[in-house]
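Heads up, the thing below is written out as structure tokens.
Chain A is the first sequence line, chain B the second, and so forth, proteins listed ahead of strands; every chain is numbered from 1.
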Amino acid sequence: MLIDWFTVAAQIVNFLILVFLLHRFLYRPIVGHMTERENKIRQRLEEAAEKKKGAQNLIEKYQLKLDNLDKETGKKIEQAEKQADLRKTEILAQARKDVEDQRAKWLQALDKEKEAFARKFKKRGSQEILKYVRRIIDDLADEPLNNRLTQVLATKIENLDQDDRKKLRHAADTDQIIVRSTCELAAPEQRKLTTIFHEICGKDAAIVYQIDPEGPLGIEARAGNIRLSWGIENYLEELQSRVISLVEEKAHEQRRGNENGSNDKNGEKEDKEEDEKHS
Amino acid sequence: MEITPDAFIYWQHGFVKLNSTIVMTWLNMLLLVGFSIFVTIGLTSSKNLGRGQNLMEVVVSNIRNQIGDMGLKPVDEFLPFIGTLFLFILVPNILAVVPGYRAPTGSLSTAAALAICVFVAVPAWGVRRRGLLGYLKQYIQPTPFMLPFNIMGEISRTLALAVRLFGNIMSGAMIAGILLSIAPLFFPVLMNILGLITGVIQAYIFAVLAAVYLAAAARLQQEKEGNTDQSEKQPRDKGGISHG
């Protein structure tokens, strides 16, 4: 017979014992640990969800802070730009002022230089002209310059009208007549002049001859407040005034040229600014 | 040629005898319990699982999933019975490829013992869930005329359980033995592989059928519980509407 009932009973018992043992040693611990792990995972997921929520809140908080920071930064940048513009305007104004000052100084210096030049020119010119005039006179008259000076002065004295002669006479009575010349007059010329003065003022008139080598070419006779003279100084002054006017004219032209140049530059700048605005 | 391991008797004293079926069953029990103890000693609920724990967790969780799919709830109440049935059959069926090992499941006595366990467990759970009258009432459903057929069905399905398991495992061993004598070189290996597949399938079928029978006995009660839940809810809803 295929079925052995003792074996059947023994196998039933074996099976029941195995059910108990496996329940005790396998199912309960394994299921327990699986449940525990599931709980842990659930707990971790919940923790993760909470942390995620916290992180989200933190993100929102920091986002808000970032937005505020951006706004503040924008304001500060705007403020800084305004300050920079203000500073730029100030610096430009200062620079313009400095340029104006420099220009004024330069013009002053130019004026000074012009005056110095004129002075120098006058002096040098007079010397040169004196030299040339003397040489010309010497060449033309073929006689010393003193003779010509004496002759001119003598002519002037002789041409005096009666009133002037009277005044001269009165002046010579109270004071001495001083004859001042650039070069020393030769004895014949001195005598000639003395004779003329004696004829007008009488033989008692005191006549003193003086030399002024530093002065401009000329001759002068002074008695009290009467003065008779001829000199190159008048011509030199006229020459000086002409030279100065010439120099001023040139400086004026130069200044005008500079102003035109700066005006052109300013005009170009304005054009550029307008172009930028349009673009 | 013996077709059942019951015939190999190591020791006998009157009615009591120690045959190959019982000894091999003890060996299986020793293996299962020993491995379980070995695995559960080092159990951990952290993420670093040992290989043994991983294996046993896979086995146990799959058995629980299958029980849950059958509609048996709570799952952990049925796990020891169904799970042990599966392992009790699976282990000897796999070990059957070892030369000299005689699978106790190839004995009709073992199959009968397991079928008797199922035969007892089904009404036991039925009575426990639905009460004695409630359980007995299903034998006269849909009419009392069906009583003998229901009883016959109960007995025959138990018999079928036993004979199916015995026949499949015994036939596997028999075919291997016969082929060994005809073509000793290559075919027995193939048949042993086939026997492995058959053994695993039989363990699964036996356990699943037992679960189905248990579910059939317990399901009516569950459906009834479901109906009562719904009937309890309905008047509450109506009351809510009338008050509204």
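- With chain A as the partner, the residue from T40(B), I116(B), L114(B), I63(B) showing the most heavy-atom pairs under 4.5 Å is T40(B).
- Proximity to chain A (any heavy atom under 4.5 Å) is shown, for L79(B), by both the backbone and the side chain.
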Verdict with supporting geometry, Q11(A) and T25(B), side chain to side chain donor-acceptor pair (under 3.5 Å): CA-CA 8 Å; Q11(A) 288 295 72; T25(B) 302; 2.9 Å; yes
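- Atom OG1 of T84(B) sits about 5.5 Å away from atom CG of L18(A), to the nearest 0.5 Å.
- The two residues I22(B) and A10(A) have their closest heavy-atom pair at CD1-CB, 3.8 Å.
- With a threshold of 4.5 angstrom between heavy atoms, F166(B) approaches chain A through side-chain atoms but not through N, CA, C or O.
- Note that the CZ atom of F25(A) and the CZ atom of F38(B) stand 15.5 Å from one another [nearest 0.5 Å].
- The candidate from V39(B), L85(B), D76(B) with the greatest count of non-hydrogen atom pairs under 4.5 Å with chain A is L85(B).
- Put simply, CG on L16(A) and SG on C117(B) are 5.0 Å apart, with the number rounded to the nearest 0.5 Å.
- Taking chain B as the reference chain and counting heavy-atom pairs below 4.5 Å, the highest number among N14(A), L22(A), L21(A) is found for N14(A).
- Distance check, rounded to the nearest 0.5 Å: CD1 of I9(B) to OG1 of T7(A) gives 8.0 Å.
- Proximity to chain B is limited to the side chain of V31(A), based on heavy atoms less than 4.5 angstrom apart.
- Rounding to the nearest 0.5 Å places NE2 of H33(A) at 9.0 Å from CD of E57(B).
- Residue M56(B) comes nearest to I30(A) through the heavy atom pair CB-CD1, 3.8 Å, listed as atom of the first residue, atom of the second, then distance.
- Nearest heavy atoms, G83(B) versus Y27(A): C-OH, 2.9 Å.
- Heavy atoms of V120(B) lying under 4.5 Å from chain A are absent altogether.
- In E113(A), the CD atom is not crowded: 12 or fewer heavy atoms of neighbouring residues, nucleotides or ligands sit closer than 6.0 Å.
- Salt-bridge annotation for D4(A) and K17(B): present, with a side-chain N of the basic residue lying under 4.0 Å from a carboxylate O of the acidic one.
- With values rounded to the nearest 0.5 angstrom, L26(A) atom CG is found 7.0 Å from L87(B) atom CG.
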